[in-house]
Amino acid sequence: MSEPSVPYPEVSEPRVPYPQASAEHLAAGPEVRDSVIGATIAFDARREQAYSEIDIEAWRDWAGAVKGHALTHLDAYLEQAETRLREHGATVHWARDAEEACAIVGRIARDSDARKCVKSKSMLSEEIELNPYLESQGIEVLETDLGEYILQLLGQPPSHIVGPAIHCSLADVQKIFHERLDTPSDASPEDLAAAARAALRSAFLEADLGISGGNFLVAETGSVVLVENEGNIRLTTSLPPVHVALVGIEKVIPRWSDIGPFLELTSRAATGQALGMFASVLQGPAGDEGHGPESMHVVLVDNGRTRALADPRMWESLKCVRCGACLNTCPVYRQTGGHPYGWVYSGPIGSILAPSLLGMAEARDLPFASTLCGACADVCPVRIPIPELLLEWRRRMVAADLTPSSEAAALRAFSAAAVRPGLFHGAGRAFRILPTRGPLSLGRRMLPMLGSWERGRSALTPNRPTFLEDPEGDS
Amino acid sequence: MATCLANQFFAEALRDCVRVLNAQGCAVSVPRTQTCCGQPAFNAGHAKEALQIARHTARVFQQSDYVVTPSGSCAAMVKKHYHDLGGGESEWRDTALELGKRTFELSEFLVDVLDVTSLGDGLEGRRLVLHPGCHGLRDLGLQRQAVRLLERAGAKILPWEADRECCGFGGLFAAKLAPVSLAMADRKLDTLPRTGVTLTSMDAGCLLQLGGRIRQRNLETRVVHLASLFAEAAGVRA
């Protein structure tokens, strides 16, 4: 691997590693687990149904190949997209990292005297921590996606790429809306949505600036394409006089004819719909006769992506279309939701992106937050080989000495014994005579892995004799 | 191939495996120098060590016509991962691929190689749930073989909402991320019928995880290794 061209982001507050964060999270009570399991299983079932309606394996082959082509010709397609967008009258900005991206948005806001800003769901805006930056500049930001709006009231980050508030229960929402919007404490989901709608509607009309993300950027036509179900993206990108779209450089696809299938495949993977309720195609300001913003800015953000692209194995993780299907199907994610991962992108895809984008040391625990069960690889619409990449990160962590030293030593000892049958089976016998109960069981409990195993499971009781000591069973 | 976990914790299931194979007319030899397939090291990112163990395993089973193992995940390790362990070394790659072609999980060997359609009818009236195990299921496509033999033996395989979900074992994962691992086991167990059902799997690791949790929670579900059910089906259990 070559030296990173862009420095890794500076760490203001180190992440709490997943093992510790997930343990605390689960100990706090069953509510989040119940909410997340319910929501992810429903999402996953809808996805499975939606996949079964099409020749999904052929679609996945196609989508993975198009993304692979786009990423391996990214320079040309990005310049093509930039040229087209400029022809349409949009302003294109390039941001090397989060700081530059935030500064660009801040400058656009200042130049247009914007004080109030509405924002639609954008994981990239979370990645670059745009909201705190804008607020520090005296600019008010209101989240307009219902889930993000709930989280903004709660002061929490999103816990899922597509359903940012899936960790919240109805009671959580009733409580915070009762406190902040004065709805009855037992308001129905419909009444809660109506209250949010009323609060947001006036904000849309007053906003000076609308900020969105971008699901796809079509190089051929210079189109920022967004898909959604609530209609807030449509309003965010068309009502305020200025629109800023934050787009990761990996979002580019080559041809206009690619967009239909990609929107459909992403919708099927994300929510099990044949298509989200609204698809918006944005390629410049309103001009003289049309509706829409007076000016449109597209901020193309790198923030570590070119470094991932230069990595001969990890570049494939940039194919991700942020559908969240791997989160929904992941049995690990389902137990904890996204927060214990400690980063904006959680679940399997987050665990392979984090070491690329945050640096290996900062994300050392995440590639191990998986049983390598392979469910994610089965559902990824662009065929990212997530388990293989998790394993590759694990190998790199070991090579860089970034795994706990006791664990590495234990594995080396195990492996050394495993090529010496006498030693290996002798160690098995030694383990067998450690008592499971009584004062002498201390030796057993001091084996850290074993102690951890036996909190929550019955004690391991090895057979005597083992099979290899007596294959016939006649002693 | 006994596998290190089954050797220690499911010795009788391994003997049942031998009995089932004998009943099908196979001569079974059990090399005493076998140890582990290398999966713990491989999954933890210790690739060099995994290769050394894989080389040892390949030497141990050099002479066997077939290598049969009552474990989907160890079979998957040999068949799907061994050949990539040597970096670009072609000699190892050839050795590993050749070994992989001779290696089968027990139910796979019985159905796909020996063409067994029925082992016997010794499971009449048994109510089972099958946990196919992730690596057997996803790397090797194992599930239908076991279902077929169990059903032919008279067992009823109950539908199980969480049958294809991971049990939370994952080797070191179970110890390193114990609370998550236990929550995963509970998700599997909480979707089972309360009484009168036997849980089976072709993987000792999964059975240790689920069985250990079942005993800890005092649930009534019985846990039996698939090889032992096959022996029961064939009427060859000791």
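Values below: every heavy atom of this structure, side chains too, minus hydrogens, waters and symmetry copies. As the structure is a computational prediction, the values presented were derived from the model and not from experiment. Proteins come first, then strands; the chains are lettered A, B, ... in the order of their sequence lines, and each starts at number 1.
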- Item | Segment of Leu177(B) engaging chain A (4.5 angstrom heavy-atom cut-off) | side chain
- Query: Does any non-hydrogen side-chain atom of Val18(B) lie less than 4.5 Å from one of Phe467(A)?
  - Reply: yes
- Which of His56(B), Arg138(B), Glu161(B) touches chain A most, by non-hydrogen pairs under 4.5 Å: Arg138(B)
- Judged by atom type as modelled, is there a donor-acceptor pair below 3.5 Å linking the side chain of His425(A) to the main-chain atoms of Thr35(B)? no
- Query: Between Glu165(B) and Arg334(A), is there a salt bridge with N-O shorter than 4.0 Å?
  - Reply: yes
- Query: Is a donor on one side and an acceptor on the other found under 3.5 Å between the side chain of Arg213(B) and the backbone of Ser458(A)?
  - Reply: no
- Item | Close approach to chain B in residues 408-421 of chain A, criterion heavy atom under 4.5 Å | Ala408(A), Leu411(A), Arg412(A), Phe414(A), Ser415(A), Ala418(A), Val419(A), Pro421(A)
- Query: Among Gly171(B), Ala2(B), Ala44(B), who wins on heavy-atom pairs under 4.5 Å with chain A?
  - Reply: Ala44(B)
- Any chance you could measure Leu468(A), atom CG, to Leu14(B), atom CG, to the nearest 0.5 Å? 7.5 Å
- Tell me, out of Cys167(B), Ala6(B), Ala41(B), Ala174(B), who's got the most heavy-atom pairs with chain A below 4.5 Å. Ala174(B)
- Message: Under 4.5 Å from any heavy atom of chain A, what part of Phe42(B) do you find: side chain, backbone, both or neither?
- Response: both
- Message: Less than 4.5 Å apart, side chain to side chain, heavy atoms only: is that true for Pro19(A) and Lys176(B)?
- Response: no
- Answer yes if the side chains of Arg187(B) and Gln335(A) hold a donor-acceptor pair under 3.5 Å, and no otherwise. no
- Message: Do Glu24(A) and Pro179(B) make a side-chain contact, defined as non-hydrogen atoms from C-beta onward lying under 4.5 Å apart?
- Response: no
- Item | Heavy-atom side-chain proximity of Asn43(B) to Arg394(A) below 4.5 angstrom | yes
- Item | Side chain proximity check, Phe169(B) to Thr371(A), heavy atoms < 4.5 angstrom | no
- Item | Among Thr403(A), Val398(A), Leu390(A), residue most engaged with chain B (heavy-atom pairs, under 4.5 Å) | Val398(A)
- Donor-acceptor pair between Ser181(B) and Arg457(A) side chains, under 3.5 angstrom: yes
- Rounded distance [0.5 Å steps], CG in Leu208(B) versus CH2 in Trp453(A): 5.0 Å
- Closest-packed option against chain A by number of heavy-atom pairs under 4.5 Å, given Ala13(B), Ala162(B), Ala11(B): Ala11(B)
- Heavy-atom nearest pair, Arg395(A) first then Ala47(B), reads CD-CB, 3.5 Å
- Heavy-atom pairs under 4.5 Å with chain A, option from Arg32(B), Arg215(B), Glu49(B) with the top count: Arg32(B)
- Query: So what's closer than 4.5 Å to chain A heavy atoms on Arg19(B): side chain, backbone, both or neither?
  - Reply: side chain
- Item | Proximal component of Ala238(B), with respect to chain A [non-hydrogen, under 4.5 Å] | neither
- Item | Spacing of CD belonging to Glu469(A) relative to CG belonging to Asn7(B), to within rounding of 0.5 Å | 7.5 Å
- Task: Measure Asp186(B) against the heavy atoms of chain A and call it side chain, backbone, both or neither at under 4.5 Å.
- Result: both
- Item | Ser370(A) portion near chain B, given a 4.5 angstrom heavy-atom threshold | backbone
- Calculate, to the nearest 0.5 Å, the distance between atoms CD and CD belonging to Glu454(A) and Gln216(B) respectively. 9.5 Å
- Task: Step through the shown structure and confirm whether more than 12 heavy atoms of other residues, nucleotides or ligands are within 6.0 Å of CD on Glu91(B).
- Result: no
- From the list Gly170(B), Ala185(B), Cys4(B), the residue making the most non-hydrogen contacts under 4.5 Å with chain A is Gly170(B)
- Query: Given that the side chain runs from C-beta out, which part of His25(A) has a heavy atom under 4.5 Å from chain B: side chain, backbone, both or neither?
  - Reply: neither
- Item | Closest-packed option against chain B by number of heavy-atom pairs under 4.5 Å, given Pro387(A), Pro404(A), Gly422(A), Gly374(A) | Gly374(A)
- Query: Side chains of Phe368(A) and Leu172(B): closer than 4.5 Å at any heavy-atom pair?
  - Reply: no
- Toward chain B, the part of Ile41(A) with a non-hydrogen atom under 4.5 Å: side chain
- Item | Distance, nearest 0.5 Å, that separates CZ of Arg164(B) from CG of Asp378(A) | 8.0 Å
- Message: What's the separation between atom CZ in Phe9(B) and atom CG in Leu460(A), rounded to the nearest 0.5 Å?
- Response: 4.5 Å
- Message: Which one wins on heavy-atom pair count under 4.5 Å against chain B: Ser22(A), Gly428(A), Ala375(A)?
- Response: Ala375(A)
